[in-house]
Structure formats: structure tokens, C-alpha cells
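What you see is a predicted model; the values in this text were computed from it and never measured. A note on names: the letters A, B, ... follow the listed sequences, proteins ahead of strands, and every chain is numbered from 1.
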Number of protein chains: 2
Amino acid sequence: MVSSRERKVASKPDTREEILRTASRLLQLNGFNGFSYGHIAKELGVKSAAVHYHFPSKAALGVALVDRFRTRYRLWMEDAAGLPAADQLSGYVAIHRRFLERGARVCPGGVLQAELYAVPEEVQASVTQMAQEVHDWLVEVLTAGRASGELTFEGPPEAMATVVGATVQGALQMARILGAEQFDLAEAQLWRFLGVSRELTKS
Amino acid sequence: MVSSRERKVASKPDTREEILRTASRLLQLNGFNGFSYGHIAKELGVKSAAVHYHFPSKAALGVALVDRFRTRYRLWMEDAAGLPAADQLSGYVAIHRRFLERGARVCPGGVLQAELYAVPEEVQASVTQMAQEVHDWLVEVLTAGRASGELTFEGPPEAMATVVGATVQGALQMARILGAEQFDLAEAQLWRFLGVSRELTKS
DNA sequence: GTCTATATCCGGATAGAC
DNA sequence: GTCTATCCGGATATAGAC
């Protein structure tokens, strides 16, 4: 699927992609207002003007970051669509736990929500869409999971979705201070509330 | 409060205090890196140099903000110490819901955790202490509450504390995007998990 | 305590050479 | 595509007058 035209001859694996990866890491660590073109450029060994070439404005960069994350998310959801509800939820948690493992990062969506009114409007719009999509997905999975008998939680799926999403986001941020174990504790607790014995669905 | 001009000349209730209140509001709305001396000064109708007089550096201002919040918290905890566990937890949630009501703000502690590595070290230290204190308090209340039979949740109090804290923080941030109702849904769900019928402890 | 003025630096952004 | 050079504005911070 890779066109023959764009084979990178050894040491030139697409600067644009590297920018996105670096920026993504910085976003997860420091927040949107906690990194700059200069930071990205320095890490990549280029000048900030080069970054501007690929992303004219920081708003554009922010939107690209969110949309990239959003796309991956959607692909993953489609991929996991057939699985049991518990497995889908397990994957959802695992995705977030990975942020933690990669050096105390937090979810890009979460940190952008926290500083929502301090980021460009275009970015706000993208974040809003992503958050809504993820929330809808959670509601869906929880609804189906309970209908099929896989899950046995109480209360409306809508409320449960908010608790699951908020717990994951919040625990991720909290884990930086209280330690990574807190995230695992929170996860274990969620499984109890969902009526799932975790050992069974360990991925 | 009223549309009539505020006579700031007549009533002079400590500029320092007004700075803290304004900065606190901006912090809750935009995050630590989302406001400046200039913003504070403009809102108060003074120059930024005046703000520097009261708080020499932004780190100092940040620490003052956190410590002020921390102190209030501690006083409130002492105050509520005698109450039933459900009432204490209810108050805890209410404190946070108030942020929401005051114009889609989030918890200062929460937003600082989100951008933790992008704030001055002194501020990080204060935030860490506050978060630890609140967490310890939650564990205590939950432990005592279950021991007394008031609460009937499953799992270790430690894990439940993380879920409660994370849910509140996360739901607050999420409510900006998904709507304030989400916070209430999450709260209701928490009460279910705690085995408390919410109507009884409505404050 | 607050002001004016200023120093310094940084961040976002653009123009044009290579 | 990346560089050098540069502009602009904003942010932190300080000095000294009032």
C-alpha cells in the first residue's frame, strides 16, 4: 500500500511524522501551552521554521494532533467491534495505561479538556468531537454488554460511561502524583463495578 | 455584582486578596500556563507591576494559590470531621460541583495535575502535598464509613478513594464538553457504588 | 502600594535565500 | 524542505518615581 514513490532512503522517515510524534509526546507531558515550536525543533535537530513549514500555525498543529489520535481511536474501535464487551473495555483501559508506562504521560484528550479554554477554538472543536465519540462508544459497549449478560453493573449505561471515562482520565493524571499503582487500583475497582472477574479477560 | 460601578477606591479589601481570587478563577478556567500577570492586572484595573509587588514571581503566586486552597480544604475537613461518612462525601462532591456552577471551572488541583510538568517545581510540590492529603482523607472516610456500616462498597478503600477522586476530577473536566449533567450522572453512579441512597443525605 | 518605564526573553509567525 | 534573518507581541521581572 506504500507507493514506490515515497520510500525513504534510510535516514529520512518523514519529518512531518516525527514532528507529530514529538509534539504528541510534549502535549501529553506538558499540555498544549507547555510546549513550543522551539522545543519540537530542538528535539528533532531542526529549526523552528521547518516545523512551521509542516504546520503553519500552532492551531493547525493542535488539530492535526487531535485528529490523528481520533483517527487511530476510531480504527481501533472498528477493529475491536466484534469482541466481547469486557475485552473492548479492557482494551480501552490498556490504551490509556500505556500513556502512563511511556513516562508518566496523560491522555491528550484529557489534558486538552483540562486546559480547554486556553487552546485555539479549532482545537477545542476537534477535542469536543473526539470526546463525544469516545463517550458514545462507551455507552454503546456498556449497553450491549449488559444486554448480553456480560456486564452486570447498576444504573444507566450513560452514567456508567461517564464514570469509566472520568475515572480513567482522572486516575491517569492522579497517577503522576500518587503513583502508577493508583491507576491499577482504580481499574480493578471498575471491574468490580462492572461485575467482571478480571482474570478472565486479561489481554 | 451590580451593574453600577464598583467603588474600589472606597472599599479596599486588600488587593492581595483580590489578586488571589482573580488568579484563582483564571487558573480554574485556563490552567496555570493559560493566564498571566497582565490578565490579572487588567481585570483588577491595575498594572502588572502591582501584581508583582504582592507576588514577586509566578511560582510564588502559584504556591500561594494552591496553599490557600489547601488550607481551606483542611479547615473544611476538620469542620466535617464529625459528620456521617455519606455527608462528608456529599460535601466533598458539592465543593467540586460548585466549580462547575461558577462557570465551567475545574478543580485547581486537577488542572495543575494535568499540566504538572509544565509548572514551577515549587508549585508541583504544593500540588503533590494537597493531592496526597485529599487522597488520605478519602481513604479515611471510606474506611470509617464502611466500618460503621454506613457504606457498603466492595474492594479496598484505597481503590475506592482513587475512583471517587478520579471520577470527580475527570467528570468536572468532562462536563465542559459533554455538559454539566454528566457530573450529576457520575455522582449518582458513585452513590450506587457506595451503597447510599442519595435522597437521604441531600444537603 | 501603585505607577511608569524598561530590560529581557520567549513564542508564534513570515520572507526569502539555498 | 530547511535554513537564516527578522518582526511582533506578550510574558516575566526589575528599578525607581510618586
**Item:** Contact list for DNA chain D against residues 26-39 of chain B - heavy-atom distance below 4.0 Å
**Value:** B/Phe35, B/Ser36, B/Tyr37, B/His39

**Residues from residues 47-61 of chain B lying under 4.0 Å of DNA chain D - heavy atoms** = B/Ala49, B/His52, B/Pro56, B/Ser57, B/Lys58

**Asked** Out of curiosity, B/Glu115 CD to B/Asn33 CG, how far, rounded to the nearest 0.5 Å?
**Response** 5.0 Å

**Request:** Calculate, to the nearest 0.5 Å, the distance between atoms CZ and CG belonging to B/Arg146 and B/Leu194 respectively.
**Result:** 10.5 Å

**Asked** Would B/Phe193 and B/Phe153 count as a close aromatic pair, with their ring centres under 6.0 Å?
**Response** no

**Asked** Just checking, is any N or O donor in the side chain of B/Ser24 or B/Gln28 under 3.5 Å from an acceptor N or O on the other one?
**Response** yes

**Request:** Among residues two or more places apart or on two chains, list those pairs meeting salt bridge (charged side-chain N to carboxylate O under 4.0 Å, His left out) that have a residue in residues 25-42 of chain B.
**Result:** B/Arg25-B/Glu43

**Message:** Assess whether a salt bridge exists between A/Arg97 and A/Glu101, defined as any Lys/Arg side-chain N lying under 4.0 Å from an Asp/Glu carboxylate O.
**Reply:** yes

**Asked** Would A/Glu122 and A/Lys58 pass as an ion pair if we require N to O under 4.0 Å?
**Response** no

**Item:** A/Leu44 CG to D/dG1 P, straight-line distance once rounded to whole Å
**Value:** 15 Å

**Item:** Sole candidate of B/Ile40, B/Val63, B/Leu65, B/Leu61 that passes side chain to side chain contact (heavy atoms under 4.5 Å, CB included) when paired with B/Phe55
**Value:** B/Leu61

